[in-house]
Protein chains: 2
Amino acid sequence: MKKVKGNTVNNIDNEKFLELLKEGGYKITHGRISILEIFSKYHAPLNVEFISKHIKKPKLDAATIYRTLKSFEEKGILKRVDLRGDTTYFELNDHHHHHLICKKCGDIEDVEICEINKLSEKVLKYSLKFKTISEHSLEFFGFCVKCQRG
Amino acid sequence: MKKVKGNTVNNIDNEKFLELLKEGGYKITHGRISILEIFSKYHAPLNVEFISKHIKKPKLDAATIYRTLKSFEEKGILKRVDLRGDTTYFELNDHHHHHLICKKCGDIEDVEICEINKLSEKVLKYSLKFKTISEHSLEFFGFCVKCQRG
DNA sequence: TCAGAAATGCAAATAAATTGCATTTAGAAC
DNA sequence: GTTCTAAATGCAATTTATTTGCATTTCTGA
């Protein structure tokens with residue numbers, strides 16, 4: 001089990017990645033593994049720039065990262081996160097959660113509480129034009145303790 | 001009171017616009033009035049392209065529209081909406097509501113139900129790093145009746 | 001009516017994301 | 001292990017959204 005700055009990426013993770021890729025009908029490539037490792041390591045919404053900077057050894061071309069992220073999203077491996085910013089963020093689609101985003105420094109905290117499912121039903125019940133609701137995005141914006149002071 | 005495709009833009013609206021602009025310290029210009037009229041008429045999240053297409057008479061340059069939208073957002077006249085798309089959408093910031101978005105045709109229905117405030121408090125209570133929550137975005141994605149059939 | 005500040009148009013610059021194509025590579029078949 | 005082919009990648013060029021600089025025009029208050 002090798003240590004990587006704050007988090008651990010171990011064989012279990014690696015096996016999980018391989019399984020994900022095989023299920024998706026993907027070829028196992030260095031780039032895809034690297035990208036999954038980075039998402040696993042930082043476990044946060046990431047954009048192409050960040051991923052590009054944090055891939056070591058054989059760097060990946062940005063075009064490849066864009067293609068990979070889009071494809072992973074279609075396969076449900078990643079989830080697009082609607083933060084407010086100029087670039088698109090993705091995160092691992094492993095468990096449902098939301099975010100608290102600092103409007104000053106951009107720091108993000110995961111929010112595990114979600115009571116939207118019942119609300120979802122209610123919304124659908126009162127809707128005039130919709131038949132199904134399959135997803136929702138919910139993000140909270142405010143100030144973290146540090147920025148509230150400053 | 002002049003009729004405009006489906007909706008009505010009347011003197012009351014116009015007075016409201018003038019007031020908004022004056023409060024904001026804006027000069028009253030054709031462009032700003034036109035933009036507000038369009039938001040009032042369609043009462044939906046709009047992007048620059050849509051606004052540009054729907055301004056008649058003296059067209060507005062896209063750069064001006066971008067500048068105006070950004071400024072209106074800062075003054076709280078408009079609100080940015082985080083849909084999923086390549087462009088940024090804004091809508092009138094007149095009352096708090098959410099959206100139901102069709103993943104196929106992009107149709108949008110307003111959702112007036114919002115029970116997030118109490119959830120917001122709970123989220124803040126359990127948060128480790130945040131001091132305040134000032135806003136939230138909540139969007140529902142699914143299929144409208146038409147697209148569910150097709 | 002006039003001056004100054006603000007607003008606008010136009011063109012150029014940025015920046016994110018996509019695409020075409022030639023080359024490389026994973027992985028199945030032998 | 002070798003070979004073959006579709007898939008994956010890198011690179012360059014392109015597209016599209018948004019921003020910016022600057023010269024010109026237009027509000028608005030004196």
Side-chain angles (χ1 to χ4, degrees), chain A residues 14-15 17-38 45-75 77-90 106, chain B residues 14 17-38 45-75 77-91 106:
Chain A
N14 232 294
E15 275 172 35
F17 298 157
L18 293 178
E19 207 175 310
L20 270 178
L21 294 177
K22 280 178 189 163
E23 276 173 19
Y26 288 112
K27 286 187 179 177
I28 311 298
T29 65
H30 157 263
R32 289 176 178 147
I33 294 285
S34 296
I35 288 176
L36 289 177
E37 274 179 0
I38 290 178
L46 308 179
N47 63 9
V48 168
E49 193 195 358
F50 184 95
I51 293 168
S52 184
K53 277 189 189 156
H54 289 78
I55 283 187
K56 56 276 136 146
K57 294 243 193 178
K59 288 281 177 192
L60 266 195
D61 191 82
T64 302
I65 301 180
Y66 277 110
R67 280 187 281 234
T68 305
L69 296 185
K70 180 179 255 193
S71 165
F72 279 0
E73 188 196 8
E74 284 162 4
K75 282 285 196 312
I77 296 173
L78 293 178
K79 190 177 182 316
R80 177 184 298 252
V81 185
D82 296 318
L83 304 184
R84 290 171 183 173
D86 310 320
T87 61
T88 305
Y89 287 77
F90 293 89
Chain B
N14 232 295
F17 299 157
L18 293 179
E19 208 175 307
L20 270 179
L21 294 177
K22 279 177 189 162
E23 278 173 17
Y26 288 112
K27 285 189 178 176
I28 311 298
T29 65
H30 158 263
R32 289 177 178 147
I33 294 284
S34 296
I35 288 176
L36 289 177
E37 274 179 1
I38 290 179
L46 309 179
N47 62 10
V48 169
E49 193 194 359
F50 185 94
I51 293 168
S52 183
K53 277 188 188 155
H54 290 78
I55 283 187
K56 56 274 133 149
K57 293 243 194 179
K59 287 280 178 191
L60 265 196
D61 190 81
T64 303
I65 301 179
Y66 277 109
R67 280 187 281 233
T68 305
L69 296 185
K70 179 178 258 191
S71 166
F72 279 0
E73 188 197 6
E74 285 161 4
K75 281 284 195 311
I77 296 173
L78 293 178
K79 191 178 181 315
R80 176 184 298 254
V81 185
D82 297 316
L83 305 183
R84 289 170 184 174
D86 310 321
T87 60
T88 305
Y89 287 78
F90 293 88
E91 68 183 349

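Letters A, B, ... are given to chains in the order of the sequence lines, protein chains preceding strands, and every chain is numbered from 1.
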With sequence neighbours excluded, what pairs up with A:L18 under the side-chain contact (heavy atoms from CB on, under 4.5 Å) test?
A:I28, A:I33
Any ion pair linking A:E37 and A:K56 (charged N to carboxylate O, less than 4.0 Å)?
yes
Do B:E91 and B:L78 come within less than 4.5 Å of each other through their side chains, counting heavy atoms only?
no
If the cut-off is 4.0 Å, is B:T87 near the phosphate of D:dT18, judged by side-chain N/O to OP1 or OP2?
no
Using a strict threshold of under 4.0 Å (side-chain N to carboxylate O), is an ion pair present between A:R80 and A:E73?
yes
A:L21 CG to D:dA8 P, in whole Å, measures 10 Å
What do you reckon, are the aromatic ring centroids of B:F50 and B:Y89 less than 6.0 Å apart?
no
For A:K70, side-chain contact (heavy atoms from CB on, under 4.5 Å) partners two or more places apart
A:E74
Go ahead and write out DNA chain D as dot-bracket, 5' to 3': ( ) for pairs within the strand, [ ] for ones crossing earlier pairs, | when the partner sits on another strand, dots for unpaired; Watson-Crick or G-U wobble, both distances under 3.5 Å.
||||||||||||||||||||||||||||||
What does A:D86 touch in the nucleic acid at a heavy-atom separation under 4.0 angstrom: a base, only the sugar-phosphate, or nothing?
sugar-phosphate
Looking at residues 57-75 of chain A, who's got a heavy atom less than 4.0 Å off DNA chain D?
A:K59, A:L60, A:D61, A:A63, A:T64, A:R67
I want to verify a distance call: between D:dT18, D:dA7, D:dT28, whose nearest atom is closest to the B:I28 side chain?
D:dT28
Want to settle it: does B:Y26 or A:T29 sit nearer the 5' end of DNA chain D, counting the closest nucleotide to each?
A:T29
Which nucleotide of DNA chain C is the first, and which the last, in the 5' to 3' direction, to come under 4.0 Å of a heavy atom belonging to chain B?
C:dA5 to C:dC10
Please check if the side chain of B:R32 supplies one atom and the backbone of B:K27 the other of a donor-acceptor pair under 3.5 Å.
yes
Checking side chain to side chain contact (heavy atoms under 4.5 Å, CB included) against A:I35, which of A:L69, A:T64, A:I77 comes through?
A:L69
Quick check: do B:F90 and B:L46 have side-chain heavy atoms less than 4.5 Å from each other?
no
Whole-Å distance, B:R32 CZ to D:dT28 C1', equals 13 Å
Side chain to side chain donor-acceptor pair (under 3.5 Å) partners for A:K53, two or more places apart:
A:E49
Under 3.5 Å, side chain of A:S52 to main-chain N/O of A:V48, donor-acceptor pair present?
no
